Enquirer: 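The structure's right below; bear with me while I get my questions together.
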Amino acid sequence: MISVNNRDFLQVPIADYLIPAEKVACVQVGNNAEHALLVLTKTGYSAIPVIDVKNHLRGLLGIGMITDSILGLERIEYEKLADLKVDHIMQTDIPAIKTTDRFQKGLDLLINHTFLCVTEEDGTFAGILTRRVILKEFKKYLYMK
Ligand code: AMP
């Protein structure tokens, strides 16, 4: 069991560890699945946030959700991609976390997610918190002792 005596770092606001929205690859609710697949393939990310025209976070979209939505009985129906809208296939039940929440909440949630979408109090998309960033921070802290 790792013993950590000073737990102050758990209280640091998540805002300090964000990848800011302007550096995050996103799709918009009105985009079609073909565009989303292109963004996901080009960036190499398995999932990306979905935002609306007001920059509010609306959900999360992964490659698996897209392929699942065009899965026919005997074949993948690629021709459907252009007509399918992102908001019809995205995942909407995603963990809620805000810029003012603490490192500890991020740590708890990142056990089950590779990254978290973070919002301002009004729902505006602020950026993402990744497991990689939190692990790096944790490592820094442990090696400092
Ligand atoms: P990483 O910690 O870099 O391995 O990223 C884990 C996951 O977070 C990726 O597979 C993406 O789903 C998401 N992610 C990381 N960085 C970005 C970014 N700049 N834009 C969009 N999604 C990202």
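Here the structure is a predicted model, which is why all the values come from computation and not from measurement. Just follow the structure's listing: the first ligand is 1, and inside any ligand the first atom is 1. Excluded from the calculations below are hydrogen atoms, water molecules and symmetry mates; all remaining heavy atoms, backbone and side chain alike, are included.
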Enquirer: Is a donor on one side and an acceptor on the other found under 3.5 Å between the side chain of Arg131 and the backbone of Leu110?
Expert: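 Here the side-chain-to-backbone pair exists.
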Enquirer: What residue and heavy atom of the protein are closest to atom 10 (O) of ligand 1, and at what distance?
Expert: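 Going by distance alone, atom 10 (O) of ligand 1 is nearest to Ser46 OG, 3.4 Å.
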Enquirer: Give me the nearest non-hydrogen protein atom to atom 3 (O) of ligand 1 as residue plus atom name, then the distance to 0.1 Å.
Expert: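 Nearest neighbour among protein heavy atoms for atom 3 (O) of ligand 1, to 0.1 Å: Arg132 NE, 3.2 Å.
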Enquirer: Below 4.0 angstrom from a heavy atom of Ile48, which ligand 1 atoms are there? Numbered from 1 as shown, please.
Expert: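 Result: 21 (C), 22 (N).
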Enquirer: Please check whether Thr114 reaches ligand 1 - meaning an N/O of the residue sits under 3.5 Å from an N/O of the ligand, judged on distance alone.
Expert: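 Min N/O separation from ligand 1 is not below 3.5 Å for Thr114.
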Enquirer: Under a 4.5 Å cut-off applied to non-hydrogen side-chain atoms, are Ile128 and Thr130 in contact?
Expert: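 They are in contact (side-chain heavy atoms under 4.5 Å apart), so the answer is yes.
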Enquirer: Which residue and atom name correspond to the protein heavy atom nearest atom 20 (N) of ligand 1, and how close is it?
Expert: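 Of the protein heavy atoms, Ala25 N, 2.9 Å lies nearest.
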Enquirer: Using a heavy-atom cut-off of under 4.0 Å, does the side chain or the backbone of Thr130 touch ligand 1, or both, or neither?
Expert: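 It is the side chain that touches ligand 1; the backbone stays farther off.
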Enquirer: Is there a polar contact, in the sense of an N or O pair closer than 3.5 Å, between Ala47 and ligand 1?
Expert: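 N/O-N/O distance below 3.5 Å exists for this pair.
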Enquirer: Stepwise, does the side chain to side chain contact (heavy atoms under 4.5 Å, CB included) test hold for Asp52 with Val29?
Expert: CA-CA 5 Å; Asp52 65 19; Val29 278; 3.9 Å; yes
Enquirer: Would you please test Asn32 and Val86 for side chain to side chain contact (heavy atoms under 4.5 Å, CB included) and show each step?
Expert: CA-CA 6 Å; Asn32 65 22; Val86 158; over 6 Å; no
Enquirer: Assigning hydrophobic clusters by single linkage (Ile, Leu, Val, Met, Phe, Trp, Tyr; side-chain heavy-atom cutoff under 4.5 Å), is Tyr45 placed with Ile134?
Expert: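 Per the 4.5 Å side-chain linkage, Tyr45 and Ile134 are not co-clustered.
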Enquirer: Can an N or O of Ile19 be found at a distance shorter than 3.5 Å from an N or O of ligand 1?
Expert: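 By distance alone, the answer is no.
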Enquirer: Without swapping roles, check the side chain of Asn31 against the backbone of Gln28 for a donor-acceptor pair under 3.5 Å.
Expert: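 Yes.
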Enquirer: Donor-acceptor pair, Thr124 side chain versus Glu120 backbone, under 3.5 Å?
Expert: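 No: the side chain of Thr124 does not pair with the backbone of Glu120.
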Enquirer: Which ligand 1 atoms does Ile128 reach within 4.0 Å, using its non-hydrogen atoms?
Expert: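 Result: 14 (N), 15 (C), 16 (N), 17 (C), 22 (N), 23 (C).
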Enquirer: Please report which non-hydrogen protein atom sits nearest to atom 19 (N) of ligand 1, along with the residue it belongs to and the distance in Å to one decimal place.
Expert: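 That would be Lys23 O, 3.0 Å.
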Enquirer: Considering only non-hydrogen protein atoms, determine which one is nearest to atom 22 (N) of ligand 1 and report residue, atom name and distance to 0.1 Å.
Expert: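 Sorting protein heavy atoms by distance from atom 22 (N) of ligand 1 puts Tyr45 CD1, 3.5 Å first.
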Enquirer: Looking at Lys105, is its backbone amide N or carbonyl O close enough to the side chain of Asp101 to form a donor-acceptor pair, meaning the two atoms are under 3.5 Å apart?
Expert: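 Answer holds: no.
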Enquirer: Of the non-hydrogen atoms in Ala25 and Thr43, which two are nearest, and what is the gap between them?
Expert: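 Residues Ala25 and Thr43, closest heavy atoms: CB-CG2, 3.8 Å.
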Enquirer: Going by heavy atoms, is Arg131 under 4.0 Å from ligand 1?
Expert: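 Arg131 does not count as a contact of ligand 1 under the 4.0 Å cut-off.
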Enquirer: Please state which protein non-hydrogen atom is closest to atom 13 (C) of ligand 1 and give its distance, to 0.1 Å?
Expert: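 Checked against all protein heavy atoms, atom 13 (C) of ligand 1 sits closest to Phe115 CD2, 3.6 Å.
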